[in-house]
Enquirer: 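This is the structure I have questions about; it appears just below.
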Amino acid sequence: MSNIRVRFAPSPTGPLHIGGVRTALYNYLFAKKHGGTFLLRIEDTDQGRYVPGAEDYIIESLKWCGILPDEGQGIGGPFAPYRQSERKEIYQKHALELVSNGSAYYAFDTPDELDAKRQSEAAAGNHNFKYDHISRRAMKNALTLPAHEVQHRLATGEDYVIRLKVPENETVMFTDLIRGEVSFQTGELDDKVLMKSDGMPTYHLANIVDDHLMKITHVIRGEEWLPSTGHHVLLYRAFGWEAIMPKFSHLPLILKPDGKGKLSKRDGAKFGMPVFPLAWKAESEEDSFDGFREFGFLPQAVINFLAFLGWNPGTEQEIFSLAELCEAFSLEKISKGGARFDYDKAKWYNQQYLHAAADSDLAAQIKPLAEAKGYQVSDEYLAKVCHLMKGRATFLSDLVVQASYLFGDVQSFDNENIVKRWKPESHPNFEALAVLMESTEPFDAPTLEERVKNLMTERSLKPGEVMPLLRIALAGTMQGPGVYEMMVVLGRQRTVARLRRAFDYFDTLNP
RNA sequence: GCCCCGUUCGUCUAGGGGUCUAGGACGGCGCCCUUUCACGGCGUUAACACGGGUUCAAAUCCCGUACGGGGUACCA
């Protein structure tokens with residue numbers, strides 16, 4: 001067991017976005033590759049954005065994907081609690097430590113005052129007001145106020161925040177495992193709030209403290225965090241942890257299919273595809289979504305697809321099981337540029353996995369779908385249907401939807417093709433086929449094929465004038481599995497009855 | 001605006017100075033298989049953003065420009 005430790009640290013503000021799932025996946029793969037530990041931490045420091053149910057959703061999603069954490073919220077472990085709202089005192093203590101060593105300071109400017117300041121600055125032509133080493137000299141904080149007044153304000157319970165005191169003129173540099181050296185001039189960085197007036201830490205403080213305390217060795221997160229990593233390094237420095245801080249890797253973003261910006265929850269409806277792993281039910285229709293699972297995706301396919309969205313092993317193999325991904329994964333092979341969400345590729349992966357899946361496994365998975373449609377069939381029968389249909393299905397649901405005629409009577413006939421092909425005068429020939437079916441023994445595909453071919457020869461019938469009509473009689477459509485295979489699955493009784501009924505119906509179209 | 005990051009076929013990508021007349025996959029197109037639809041097989045389409053360097057040699061290294069993305073909150 002190596003001491004590699006990584007974390008997935010989502011915020012429970014709603015359903016877990018597919019980009020978040022990929023971040024979790026890469027963390028999981030990296031941990032497994034190195035025999036390390038993958039942990040789940042819930043970053044719920046924003047009380048205002050907390051959404052009930054989101055935490056369970058996150059865990060359910062990881063479970064569905066098969067990438068459950070080894071440690072963390074919902075699992076437990078030596079560094080509990082793993083929910084940041086339950087670690088308030090820890091952050092408070094650490095923030096105070098920074099205040100006392102001069103790396104942070106109290107500030108009393110209210111949100112309203114800051115807004116007003118931004119507006120007045122904007123009116124004066126400065127559109128990028130920052131609370132930084134220059135502007136802090138003119139604000140209400142422990143750097144400008146006399147010590148006794150600061151004490152008084154604190155003592156009387158006035159609202160305050162603690163801000164990071166960013167040095168004026170330094171270069172802060174770190175090595176990103178994906179991007180190489182990245183550096184920032186501290187003069188460009190603002191004095192980030194570390195502790196909010198409600199007593200909660202901001203992400204910036206909490207993630208540094210927790211990553212250190214939880215002995216995280218590698219931070220693998222989205223690119224949206226790259227710009228604030230300068231602050232994070234400054235924080236490690238302020239705590240005296242810079243020499244042992246985690247290695248950073250910033251993942252490229254997943255972009256909209258049209259490439260215009262990062263993929264967002266609204267893109268699902270816009271492009272007719274899922275952007276969440278599982279369904280999410282909110283109060284409004286607009287905020288409720290179906291997930292990959294509800295669309296009929298297999299989790300293995302989603303994982304394979306996601307793994308390849310921004311990563312590539314450098315070989316020409318495209319299909320990878322989770323275990324193979326763990327073996328092949330490396331951070332160095334992650335690409336730097338953002339990757340568009342390629343839904344066609346996702347569907348292709350699903351089709352590949354569907355095709356390769358065992359009939360019985362598929363049967364178990366579509367059973368709820370079949371039952372929901374009111375179909376009452378045995379597991380064995382379901383497996384036979386899967387065997388017939390899986391080669392031409394993209395989604396799990398296709399196995400049920402496209403095979404409706406295997407579960408019940410034909411719902412609609414392809415009348416156009418019937419009219420084109422059916423000749424009432426050959427009804428006797430088709431009746432002869434039905435009679436043939438009644439006696440064919442054994443009732444299997446090779447035997448049926450042989451007998452039908454013999455009969456066609458005897459009566460000088462061409463396959464083209466027989467097979468399409470048999471197909472339509474059994475399935476109603478010109479599409480589907482082999483005619484003889486369908487007959488076997490339907491069984492002798494249903495086949496014969498269905499044929500006779502259909503031929504009578506055909507007569508009514510072409511009298 | 002400012003800061004950070006990025007830029008190879010339509011898309012995901014391989015490529016880490018010569019083996020690149022740039023490889024694979026998805027998509028598209030065509031053919032074969034099959035008197036269904038798919039699967040499958042074969043073939044085809046199509047890219048190193050631009051401009052300067054460095055070098056005997058650059059898709060690969062450096063600089064600039066353009067374009068794209070991200071960040072710029074008492075959100076994460």
Side-chain angles (χ1 to χ4, degrees), chain A residues 9-13 43-49 84 107 109-111 114-115 118 125-131 159-163 176 178-180 182-185 187-190 192-204 206-207 221-230 250 252-253 255-257 259-262 305 308-319 332-333 335-349 351-352 355 389-394 398 402 414 417 462-468 470-472 475 477-483:
Chain A
S11 186
T13 54
E43 311 229 330
D44 58 347
T45 54
D46 185 349
Q47 318 252 274
R49 292 210 304 159
Q84 290 185 327
D109 318 271
T110 67
L114 289 171
D115 278 349
R118 279 194 190 89
N126 174 18
H127 290 275
N128 58 323
F129 169 78
K130 285 184 307 206
Y131 204 117
D159 274 358
Y160 67 89
V161 300
I162 294 176
R163 285 183 182 270
D176 185 288
I178 295 172
R179 293 153 203 282
V182 179
S183 62
F184 298 88
Q185 297 304 316
E188 304 283 352
L189 272 27
D190 65 337
K192 283 258 180 290
V193 169
L194 266 20
M195 289 297 291
K196 300 183 274 192
S197 58
D198 65 359
M200 280 289 192
T202 58
Y203 169 86
H204 305 294
N207 105 87
R221 75 217 316 188
E223 189 182 358
E224 66 268 28
W225 294 112
L226 197 45
S228 52
T229 306
H250 288 93
L253 265 16
L255 274 20
K256 297 174 191 293
K260 302 217 174 298
K262 65 174 174 178
F305 164 66
F308 272 65
L309 213 52
W311 174 84
N312 185 292
T315 66
E316 291 186 350
Q317 183 181 345
E318 305 271 340
I319 304 294
E332 293 72 25
K333 291 221 168 267
S335 42
K336 300 181 182 74
R340 293 191 197 189
F341 187 86
D342 184 356
Y343 192 47
D344 279 329
K345 199 69 164 268
K347 286 191 283 193
W348 177 77
Y349 268 113
Q351 185 190 297
Q352 297 297 310
H355 204 157
M389 303 301 294
K390 69 179 181 183
R392 64 207 85 225
T394 299
D398 290 342
Q402 293 181 3
D414 180 350
N417 264 298
K462 293 198 198 94
E465 44 190 346
V466 174
M467 301 309 288
L470 282 184
R471 168 178 299 288
I472 295 174
T477 165
M478 286 287 283
Q479 304 171 2
V483 169

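Lettering of chains follows the sequences in order, A, B, ..., and the numbering in each one begins at 1. As a basis for the values below, the full set of heavy atoms in this structure was taken, side chains included, without hydrogen atoms, waters or symmetry mates.
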Enquirer: Rounding to a whole Å, what distance do you find between A:Glu316:CD and B:G23:C1'?
Expert: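 My rounded result for the distance is 6 Å.
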Enquirer: In this structure, how many angstroms lie between the C1' atom of B:A73 and the NE2 atom of A:His204, rounded?
Expert: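 Nearest whole value for this atom pair: 9 Å.
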Enquirer: Closer than 4.0 Å, any side-chain N/O of A:Thr45 to the OP1 or OP2 of B:A76?
Expert: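 Answer yes for this pair, as a side-chain N or O of A:Thr45 is under 4.0 Å from OP1 or OP2.
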Enquirer: B:G23, OP1 or OP2 - any side-chain N/O from A:Gln317 closer than 4.0 Å?
Expert: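 Checking A:Gln317 against B:G23: no side-chain N or O falls below 4.0 Å of OP1 or OP2.
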Enquirer: Which way is the base of B:C26 turned, syn or anti, if we draw the line at 90° from 0?
Expert: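 It is anti.
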Enquirer: Evaluate side-chain hydrogen bond (donor to acceptor under 3.5 Å, both in side chains) for A:His250 paired with A:Arg221, printing each intermediate quantity in order.
Expert: CA-CA 5 Å; A:His250 288 93; A:Arg221 75 217 316 188; 3.1 Å; yes
Enquirer: State which of B:G70, B:C75, B:G27 makes the closest approach to the side chain of A:Thr202.
Expert: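 Out of B:G70, B:C75, B:G27, the nucleotide with an atom closest to A:Thr202's side chain is B:C75.
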Enquirer: Any side-chain N or O of A:Lys333 less than 4.0 Å from the OP1 or OP2 oxygen of B:G15?
Expert: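 For B:G15, OP1 or OP2 has a side-chain N or O of A:Lys333 closer than 4.0 Å.
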Enquirer: Provide, to the nearest angstrom, the distance between the NZ atom belonging to A:Lys347 and the C1' atom belonging to B:C26.
Expert: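 Computing the A:Lys347:NZ to B:C26:C1' distance gives 11 Å.
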Enquirer: What's the closest nucleotide to the side chain of A:Asp342 if the choices are B:C12, B:G71, B:C2?
Expert: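 Among the listed nucleotides, the one closest to the side chain of A:Asp342 is B:C12.
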Enquirer: Side chains of A:Tyr203 and A:Asp46: any donor to acceptor distance under 3.5 Å?
Expert: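 Looking only at side-chain atoms, A:Tyr203 and A:Asp46 do not form any donor-acceptor pair under 3.5 Å.
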Enquirer: B:G6 P sits how many Å from A:Lys262 NZ, rounded?
Expert: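 That distance rounds to 18 Å.
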Enquirer: Between A:Lys336 and B:U13, is there a side-chain N or O to OP1/OP2 distance below 4.0 Å?
Expert: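 Result: no.
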